[in-house]
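Have a look at the structure below before the remarks.
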Amino acid sequence: MAPSIDRQGYWGRPTSTLDWCEENYVVSSYIAEFWNTVSNLIMILPPIYGAVQTFRDGLEFRYICSFLGLSAVGVGSWCFHMTLLYEMQLLDELPMIYSTCVFVYCLYECFKQENSISVFPIVLLIIFSVSVTLVYLQWKEPVFHQVMYGALVACLVMRSVFIVTWVYPWLRGLCYTSLGIFMLGFLLWNIDNIFCDSLRASRQVLPPGVGVVTQFHAWWHIFTGLGSYLHILLSLQIRSTYLKYRPKVKFLCGVWPTLHIEPQKTS
């Protein structure tokens, strides 16, 4: 984590249990970690569009919740890195648990009847979410949160790999692209934590435009945001294929992938 040599800014002394490697209040006196803040846009805006498109396609509410959950994580992370306040840290970290629980439900219930609701996994995931929340509020140990989040991600990875290996192998490309991008973000997150002193020293001598590239926690946001978004698309592809819909991938502005679902034609 970051050494305590940072400037003071609008939000005062940090109260969060984490302070990342980006130097505080360097770009703006109103934003503690500027690049770690604005990099969350990738988790906020595209998922909102995805939620709107999913609603227009008349798909199940769980997938709207998936997109909005990812957007909520982005908003919480924006508030956390902007202020470095403990309350905003919770607004970042707890939605990570809640939204990933929605991802887990969608992926493990993808081969059920349309619009069906399975009470048992919902109750199980609610119990898990509430338990993690209560423990984390009492035991303010970030590693606990990271382990619980990692366990949920592991459930998604195992289920995804199983489906694209044994059920829909033609979706392997999307699955492994999503996973690879997410893991690249995780690698950069670790580098940012482990080599923070060296990264900060390098930014003292590098030109500003080059030094920005070494803000690896911001890259973590970008890559995990994209990886999570692609995972939702994968989950939608699996579900729509099972329901015999016709999913079509379109690129917004020729760049950003979106999924449009059309009902299966009947003779």
Side-chain angles (χ1 to χ4, degrees), residues 1 14-21 36 40 43-44 47 62 65-81 84-110 118-162 175 178-194 216-217 219-232 234-235:
M1 302 305 168
T15 59
S16 58
T17 61
L18 294 168
D19 190 352
W20 302 100
C21 193
N36 287 352
N40 285 292
M43 281 191 281
I44 299 174
R62 69 187 76 167
C65 291
S66 293
F67 281 118
L68 293 181
L70 179 57
S71 188
V73 172
V75 171
S77 184
W78 178 292
C79 295
F80 170 35
H81 291 286
L84 291 180
L85 299 178
Y86 174 69
E87 295 80 5
M88 299 300 106
Q89 179 181 348
L90 294 178
L91 191 64
D92 172 16
E93 293 176 329
L94 292 179
M96 291 173 64
I97 299 295
Y98 307 151
S99 62
T100 310
C101 283
V102 177
F103 297 172
V104 169
Y105 179 80
C106 288
L107 200 59
Y108 279 79
E109 296 294 307
C110 62
S118 299
V119 175
F120 178 74
I122 292 177
V123 171
L124 196 64
L125 290 168
I126 290 175
I127 291 174
F128 177 83
S129 298
V130 171
S131 300
V132 170
T133 300
L134 293 177
V135 171
Y136 194 44
L137 288 175
Q138 295 298 318
W139 185 35
K140 301 175 182 179
E141 174 53 63
V143 174
F144 169 75
H145 168 267
Q146 292 159 10
V147 170
M148 294 298 99
Y149 177 67
L152 290 171
V153 172
C155 291
L156 290 176
V157 171
M158 290 187 293
R159 179 66 167 172
S160 298
V161 171
F162 172 82
C175 175
S178 169
L179 178 58
I181 291 174
F182 190 96
M183 292 308 296
L184 176 59
F186 181 60
L187 172 65
L188 295 177
W189 181 84
N190 280 282
I191 292 174
D192 191 73
N193 290 336
I194 297 170
F216 289 153
H217 193 87
W219 286 109
W220 148 261
H221 290 159
I222 292 170
F223 287 124
T224 55
L226 176 56
S228 298
Y229 178 88
L230 291 177
H231 168 78
I232 299 174
L234 172 67
S235 186

Provide the closest heavy-atom pair for [X] versus [Y] in the form atom of the first, atom of the second, distance.
{"X": "F144", "Y": "V132", "value": "CE2-O, 3.7 Å"}
{"X": "I44", "Y": "S71", "value": "O-OG, 3.1 Å"}
{"X": "P142", "Y": "T17", "value": "CG-OG1, 3.5 Å"}
{"X": "Y98", "Y": "T133", "value": "OH-OG1, 2.7 Å"}
{"X": "G185", "Y": "W220", "value": "O-CE3, 3.3 Å"}
{"X": "C101", "Y": "L125", "value": "O-CD1, 3.4 Å"}

Determine whether [X] and [Y] make a side-chain contact, defined as any pair of heavy atoms from C-beta on separated by less than 4.5 Å.
{"X": "E93", "Y": "L18", "value": "yes"}
{"X": "W20", "Y": "N193", "value": "yes"}
{"X": "Y86", "Y": "K140", "value": "yes"}
{"X": "L84", "Y": "T15", "value": "no"}
{"X": "F80", "Y": "L91", "value": "no"}
{"X": "Y229", "Y": "F67", "value": "yes"}
{"X": "Q146", "Y": "W189", "value": "yes"}

Residues forming a ring-ring contact (aromatic ring centres under 6.0 Å, His included) with [X], sequence neighbours excluded:
{"X": "F216", "result": "none"}
{"X": "Y136", "result": "H145"}
{"X": "Y108", "result": "none"}

Could you state the interatomic distance from [atom1] ([X]) to [atom2] ([Y]), rounded to the nearest 0.5 Å?
{"X": "N40", "Y": "H221", "atom1": "CG", "atom2": "NE2", "result": "4.5 Å"}
{"X": "L90", "Y": "C79", "atom1": "CG", "atom2": "SG", "result": "12.5 Å"}
{"X": "T100", "Y": "F128", "atom1": "OG1", "atom2": "CZ", "result": "9.0 Å"}
{"X": "Q89", "Y": "S77", "atom1": "CD", "atom2": "OG", "result": "10.5 Å"}
{"X": "L124", "Y": "I126", "atom1": "CG", "atom2": "CD1", "result": "10.0 Å"}
{"X": "H81", "Y": "S16", "atom1": "NE2", "atom2": "OG", "result": "9.0 Å"}

Between the side chain of [X] and the main-chain N/O of [Y], is any donor-acceptor distance below 3.5 Å?
{"X": "H231", "Y": "S178", "result": "no"}
{"X": "S118", "Y": "F120", "result": "no"}
{"X": "D92", "Y": "M88", "result": "no"}
{"X": "S160", "Y": "L156", "result": "yes"}
{"X": "S228", "Y": "T224", "result": "yes"}

*Residues in side-chain contact (heavy atoms from CB on, under 4.5 Å) with V157, at least two apart?*
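V157: side-chain contact (heavy atoms from CB on, under 4.5 Å) contacts with V153, V161, L179.
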_Using the side-chain contact (heavy atoms from CB on, under 4.5 Å) criterion, which residues pair with L134? Sequence neighbours excluded._
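Once residues adjacent in sequence are excluded, the partners of L134 under the side-chain contact (heavy atoms from CB on, under 4.5 Å) criterion are V130.
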_Those residues that, when tested against R62, pass salt bridge (charged side-chain N to carboxylate O under 4.0 Å, His left out) (two or more places apart)_ =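 Expected list: E60.
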*Test S66 against I232 for side chain to side chain contact (heavy atoms under 4.5 Å, CB included), laying out the working first.*
CA-CA 7 Å; S66 293; I232 299 174; 4.1 Å; yes
